[in-house]
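These notes concern the structure reproduced below.
Letters A, B, ... are given to chains in the order of the sequence lines, protein chains preceding strands, and every chain is numbered from 1.
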Amino acid sequence: MAAGGPREHSAEQTECDAEGRFDLRLERGAELALAFLADGMRPPQVLDSAVLGEAHDLAPVALEAGAAISGRALRRYDARVAKARDDSLGRYDEKRDFERTPEPAAKRPKRAKGAPPIFVVHRHEARRLHYDLRLERAGVLLSWAVPKGFSYDPADKHLAVRTEDHPLEYEDFHGVIPKGEYGAGTMQIWDRGHVTYLNGEGGPEAGEVKLVLRGRRLRGEWHLVQTKQGPNTWLIFKSRDRYAGVRRDSVLGADLSQAEEAPLRREIAPMEPGAAAQPFTGTQWLFEARFQGRRVLACKEGDEVVLVGEKRAPPGVLTDLLKIRAERALLDGVLLALDEHERPSRTLLEERLAAGGAGVVFQAFDLVHFEDYDLRPLPTLERKAALRGLLPPLAHVLFTDHVLGRGEDLAEAVRAAGLPGLIAKRAGAPYASGPSADWRSIEIGVEPAVAGVSVRRALKKGVRERSRSRVTFTNPDKVYWPAEGFTKGDLLAYYEQVAEVLLPYLAGRPIHLNRFPDGITGKSFYQKEAKPGTPEWVRTTDIGSKSRGESLRYMVCDERDTLLYLVNLGSIDLHPWMSRVESPDSPDWTVIDLDPKEAPFSDVIRIAREVGRLLRGIGVKPFLKTSGASGLHIFVGLAPGYDYRQSELFAESVARIVARELPEIATVERSLAERGGKVYIDFGQNRKGQTVVPPYVVRPVRGATVSTPLAWDELEGDLHPSHFTLQNVPERLERLGDLFRPVLLEPQDLAPAIFALEEYWKGRR
DNA sequence: GGTATCA
DNA sequence: TGATACCAACGCCTT
DNA sequence: AAGGCG
Ligand SMILES: [Mn+2]
Ligand SMILES: [Mn+2]
């Protein structure tokens, strides 16, 4: 093309200009950053104080020295500790007066030769709560103090301070160490079991220990790594294996301490209801819906999965069973097939089993055995918690949820859903064989299900209804998402469900509405002002407007009813300010918004990783979520007192640095035409009166996607915003909790980060 | 989506 | 009473 | 002053 030459040339020109501007703007950013440090922010001490903050209770010398002395003091202290440990247990004896402490003196008893080494974790309520991990090696217990405890999320790296070796007898010790003695406070055995060293027994000396732990809380592969800080400063984190994933400190997130160590026996007689009953309410009981299907025990042992006594095992169920978080497990449940109304059908089940098993799912409701433990002695509630933790999200193996106490409410919901009945289970009862009085079958009169209302939805809805809302819902059947068929009622039901976790991100903040009274394909409009006719219980606040001189009466969504009112107005997502009425000029978070427009989502992922890496590198903890539309949001919670200018400048510096590091795929260019298929790193939302959607709001786009907090290690190839919708986010929330909550609860100081960012920038240039 | 106004 | 009209944001930047 | 952008 004739015009190709000149156009190419001008593109080059533009790029040159852009590069030039980048540098200039970055310079300016750095200067301004310095300027507000001078503005009275505290001097930078974050890098060392972060370490001290973690370690100071465990390193008395560092504590005395105070924050100012920083990492050097720690290293000196560590060196002394290391030297003193030359005689492995010498230091242990030295610290203790055995006339006063109940702890065992070091005698080095012999263990049976060839016995597998053990580990024990003490929960130690000393000056500060911590967990002492002790590993048997060469006749002593190597010990680490872990202040923040353990996490099954491999992204969580927790400080572990190497402490003096303890004698083997300590594995059985628990009790109270008297005041004035070393480590005064209560010491409990939190977990124990066997350990295998994956990289040999020399790991502790080499600065890296890879372990497999087999306990009731800690299981699977863990990794201890010595840091550069000093010989006693280590990190412990979960390695990736079948148990890894969620942030919790015990495998399955359940208390298995009362389980009985035993081999797996698959030929048990399943527990049955002892008698029938009418719907009732009772605090000792939990209630599950009863599904029409085929009762079966599912067994996994290594790579072998079977449905006990069922020859026609559906392949989808079997492959899903391979994915549960256990080497060995026995699950109790029913095989079922759902018709087009999501209602289980026996005839359909028989048909589908005969046809090879497609469309058949296993609805699990109990966990009988897990790894080395017979769970039958555990209370029903604990077994269900274990089962919930055992199951990652699977298409063919599903968790049967329950309600506590309110059997009559569930009966209502179940009746509306067209299911045959309930099972009541005594919450504290063990798992028995055969009929038991601790399970009761509850029949309810079948009523034809309301057309179009799915079983799951009806169950949730019915059980939820209790506190009368002040909001009357209009047009609940209006279709808001034509492609998916989701209605305004679905949207309201979603928000009712997540209100509790969403509200903290809305409370106290003026709110902008983007209303879609005719669904996502209809016309929409923005609204800030509370119109006359707004219920008097909706909180409002007057905020001056520059362009029109007068002030506007903004709404503030403090409560659940306000939320539902706003949603009923046709608001699909909600747009709260980043600052609150009480401090309107001080944002509570900084956001970096990644907008792909044309760019592939894999580019967004790469850029987000880079932003995360940079932020962590300057000492702040970033939080990640999907925007719900097409991109990602990275949030940093802010300590009180920063203004929008500082917040934006910080975001701008980060955005420009990352755009410069990934020039092929990232840009800070605001004009769509100039972006050229790159991901837009938008820092400009950090202004007063601008908004970015908070987590858990539904977006007015195809798929009814939800802005969903993510763990950083979910940033992988097949991640996509479309995976998180109004249908599945409540379940995810139930499973993972609110990953974003630290943004509000653990706000961070920007000043040290800005200083570190400058250092970083200078070093890079 | 809600309200005012009109026939 | 039902049908219909009308209304519901803004700041900042580029051209 | 108008249009783009979020
Ligand atoms: Mn301790
Ligand atoms: Mn965005």
Query raised in the report: What is the distance from CG of A:Asp682 to C1' of D:dG6, rounded to the nearest Å?
Result: 7 Å
Query raised in the report: Between A:Lys678 and A:Glu669, is there a side-chain N and carboxylate O pair less than 4.0 Å apart?
Result: no
Requested in this report: For C:dA9 and D:dC5, measure between their C1' atoms and round to the nearest Å.
Outcome: 14 Å
**Report entry** Candidate list A:Asn514, A:Asp573, A:Thr705, test side chain to side chain donor-acceptor pair (under 3.5 Å), partner A:Arg699, passing option
**Finding:** A:Asp573
Query raised in the report: Which nucleotide, B:dG1, C:dG11, C:dA9, lies nearest any side-chain atom of A:Glu529?
Result: C:dA9
Query raised in the report: A:Arg675 side chain: which of D:dG6, B:dG1, C:dA8 is closest?
Result: D:dG6
**Report entry** Approximate separation, where rounding is to 0.5 Å, of A:Arg470 CZ and A:Trp537 CH2
**Finding:** 5.5 Å
Query raised in the report: Expressed as a whole number of Å, how far does the P atom of B:dT5 sit from that of C:dA8?
Result: 15 Å
Report summary line: Taken to the nearest whole Å, CG/A:Leu513 to C1'/C:dC7 is 14 Å
Report task. Return the nearest nucleotide to the side chain of A:Gln690; candidates are D:dG6, B:dG1, C:dA8. Result -> D:dG6
Report summary line: Regarding the side chain of A:Phe525, the nearest nucleotide among D:dG4, C:dA8, B:dG2 is C:dA8
Report task. Please work out if A:Lys531 contacts a base, only the sugar-phosphate, or nothing of the nucleic acid, heavy-atom cut-off 4.0 Å. Result -> sugar-phosphate
